[in-house]
Amino acid sequence: MLQRIQTIWTLLAVLAAVSLFVTGQDVDVFGNIPVIDISCSALVLAGALSIFSFKNRKRQIMLNTFSIIINALLIGVLAYWLLNLSGGIQIPEKGIEPVFPLIAVICLLIANISIRRDERLVKSVDRLR
């Protein structure tokens, strides 16, 4: 069912990936390689697949775990970018970009907890039959 709580948490994680895509256009980590664009596209695709595979909870957990790993790598890449970014007291250039993957990781962890709770509920109901 699409109206479950894990759908809302996964949708919030997808919105965080879209926000990173929009705000991360000026991030230049590895030269001409669009790391942020590719990873945000993969996160949106994995999130959409996770939302619409509500009948297969194991696939949802696997896709959310995949998204958590990509977001963790993005946090590392963006932290590396922030450490190498010039900026000082006069003109601060530090961005908000690393916050979006952190929000997505938290939302996906909460979604996985909800999915596991649903899985336990289904298994307990099957034992009663």
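Quick note: residue numbers are just sequence positions, from 1.
Connection of F66 to I115 is not established within any shared hydrophobic cluster, with ILVMFWY side chains joined at heavy-atom distances below 4.5 Å, either directly or through further cluster members. Note on V122: it does not cluster hydrophobically with F54, by side-chain heavy-atom contacts below 4.5 Å among ILVMFWY residues. A continuous path of ILVMFWY side-chain contacts below 4.5 Å connects Y80 to I70, so both sit in one hydrophobic cluster. Using a 4.5 Å cut-off between side-chain heavy atoms of Ile, Leu, Val, Met, Phe, Trp and Tyr, with links allowed through other members, I106 and I8 fall into the same hydrophobic cluster. By the criterion of side-chain heavy atoms lying less than 4.5 angstrom apart, applied directly or through intervening Ile, Leu, Val, Met, Phe, Trp or Tyr residues, V22 is not grouped with F100; the two fall into different hydrophobic clusters.
To the nearest 0.5 Å, atoms CD1 (I110) and CD (Q6) are separated by 12.5 Å. To the nearest 0.5 Å, atom CG of residue L20 and atom CG of residue L15 are 12.5 Å apart. Taking CG of N71 as the reference point, atom CG of L78 lies at 10.0 Å (rounded to 0.5 Å). Put simply, CG on L82 and CD1 on I75 are 12.0 Å apart, with the number rounded to the nearest 0.5 Å. Taken from NZ in K58 to CD in E119, the straight-line distance is 6.5 Å, to the nearest 0.5 Å. Atom-to-atom distance recorded for T10:OG1 and Q60:CD is 6.5 Å, nearest 0.5 angstrom.
Side-chain contact between L12 and I103 is absent, with no heavy-atom pair separated by less than 4.5 Å. At a threshold of 4.5 Å between non-hydrogen side-chain atoms, the residues R117 and L121 do not count as touching. Using a 4.5 Å cut-off on side-chain heavy atoms (C-beta onward), L73 and S39 make no contact. Within the 4.5 Å cutoff, side-chain heavy atoms of I96 are placed close to those of V99. Looking at I5 and S114, their side chains come closer than 4.5 Å, going by heavy atoms from C-beta outward.
Across L49, L43, V14, V44, a single residue satisfies side chain to side chain contact (heavy atoms under 4.5 Å, CB included) together with S67, and that is L43.
Contact between P101 and L74 at its shortest, heavy atoms only, is CG-CB, 4.1 Å. The nearest pair of heavy atoms linking I68 to L108 is CG1-CB, 3.6 Å.
No donor-acceptor pair closer than 3.5 Å links the side chain of S50 to the backbone N or O of A46.
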D118 vs R4, salt bridge (charged side-chain N to carboxylate O under 4.0 Å, His left out): CA-CA, chis, key distance, verdict: CA-CA 10 Å; D118 282 352; R4 304 297 294 180; 2.8 Å; yes
